[in-house]
There are 2 protein chains.
Amino acid sequence: MLQEAWDLLVERGLADLSLSELGRRLETSAGHLSYYFGSKNGLLLELLRWSEDELIGQLEVVLASQQPAEERLRQLCVLFFPRHPGDPRWLLWVELWPRVMHEPSLREAQRELDTVWRDALADLLAELTDGDVEPLAQRMLALLDGLSVALLTDQPGLTPEKAWEHVRALLPVR
Amino acid sequence: MLQEAWDLLVERGLADLSLSELGRRLETSAGHLSYYFGSKNGLLLELLRWSEDELIGQLEVVLASQQPAEERLRQLCVLFFPRHPGDPRWLLWVELWPRVMHEPSLREAQRELDTVWRDALADLLAELTDGDVEPLAQRMLALLDGLSVALLTDQPGLTPEKAWEHVRALLPVR
DNA sequence: CTCACATTTGAATGCCTTTCAAAACACTGG
DNA sequence: CCAGTGTTTTGAAAGGCATTCAAATGTGAG
């Protein structure tokens, strides 16, 4: 079900991802989907969780690898950044942001997923720096968000490589 | 007209900002608004431009002031950041991001407004650092975006003051 | 005054989400 | 095997939305 929704999102974009259209594809009714997901936001949130879970699995592999900490950080960035302009995962994030204020379930999900990434960053940074790691992790996550939006919207003059350079620039010189 | 739309946005939020509702308030028809703004996105874009123009006026005052460069940078941040969680200007930005990929007019506006801020940053940074200022300005703008989203969505543990500290941390030690 | 052009209206279209009653289904204790 | 209870699923209905369109109204130049 989520797979079909994901395919729809990839093929036709956010605008065409409706409960009605999804119902048509799955040969069920929009009413049922509304019942099942609670609401359209529910669907979007489930989708986001679903794709994020996948990614977090990959993140754990990266973190557990024997590479140098800086290389693991680089790979974290590769996972975090949109893979290309219009990447569906980031489309979902950006779609949900304006609704976070009014929907407690979204708030919670955002906080939860943010924490995963921030903790991972903090662990890596603990290996790479001496000082207090929490503020640096917060700063770096904000930078990652900003860079991701720029990559998502295909900002001219920004490539994933350059984005990685920007992240590296936050690391203290050793 | 934009003023009324803005008020509506402030009072009732993004969800209730519709051409129909605006038509009711202005005692005109939704059809006319659609004709006038071209589309709903047209309205959102005009609104964003409108509020951004206001801000850019204030930015120019700040930039021209006699304060030290770092203080002018701080004031730029104050202007740039959302004034409070749910700040309408940032709601508009975030609402428009997912649509930037498909609407050339949005792309252009985004590029244009980004450039204003990035140039302002570059000018200030030229006073504060020696090296190549362009990449640093790009990096700082991405950080400002990320921090703004965090402030917009009321991320716990982040205040405007802390956000400013994060920005300052990008400045090279002198 | 007229004609061409722009604006405004209000209704129609076709979408959407959500709700709801009724039907179908699944399961449990007898 | 059956009855009864609770959950899913359906299909239609309600209500709202942006957009389109033909008709009506305004407007300004020659």
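Here is how names work: the chains are called A, B, and so on, in the same order as the sequence lines, proteins then strands, and each is numbered from 1.
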(message) For the CG atom of A:L147 and the CG atom of A:L151, what is their distance to the nearest 0.5 Å?
(response) 6.5 Å

(message) Please encode protein proximity along nucleotides 6-11 of chain D as a string of B, S and -, counting only heavy-atom distances under 4.0 Å.
(response) -SBBBB

(message) Less than 3.5 Å apart, any donor N or O on the side chain of B:Q138 or B:E134 sitting next to an acceptor on the other?
(response) no

(message) If we ignore hydrogens and angles and just use 3.5 Å, is the side chain of B:S148 paired with the main-chain N or O of B:L144 as donor and acceptor?
(response) yes

(request) For the pair A:E71 and A:R74, find out whether any cationic side-chain nitrogen is under 4.0 Å from an anionic carboxylate oxygen. (result) yes

(message) Between B:E52 and B:R49, does any side-chain N to carboxylate O distance fall below 4.0 Å?
(response) no

(request) Could you list by number each residue of residues 11-22 of chain B showing a heavy-atom separation from DNA chain C of less than 4.0 Å, or answer none if no residue does? (result) none

(message) Can you identify which nucleotide, out of C:dC16, D:dT19, C:dT18, has its nearest atom closest to the A:A30 side chain?
(response) C:dT18

(message) What residues from residues 37-49 of chain B pass a heavy-atom cutoff of under 4.0 Å to DNA chain D?
(response) B:S39, B:K40

(message) Looking at D:dC17, I'd like to know if its phosphate oxygens (OP1 or OP2) sit under 4.0 Å from a side-chain N or O belonging to B:R24.
(response) yes

(request) For A:H102, look at atom NE2 and say whether over 12 heavy atoms of other residues, nucleotides or ligands are found less than 6.0 Å away. (result) no

(request) Using a strict 4.0 Å threshold on nitrogen-to-oxygen distance, state whether A:E21 and A:R24 make a salt bridge. (result) yes

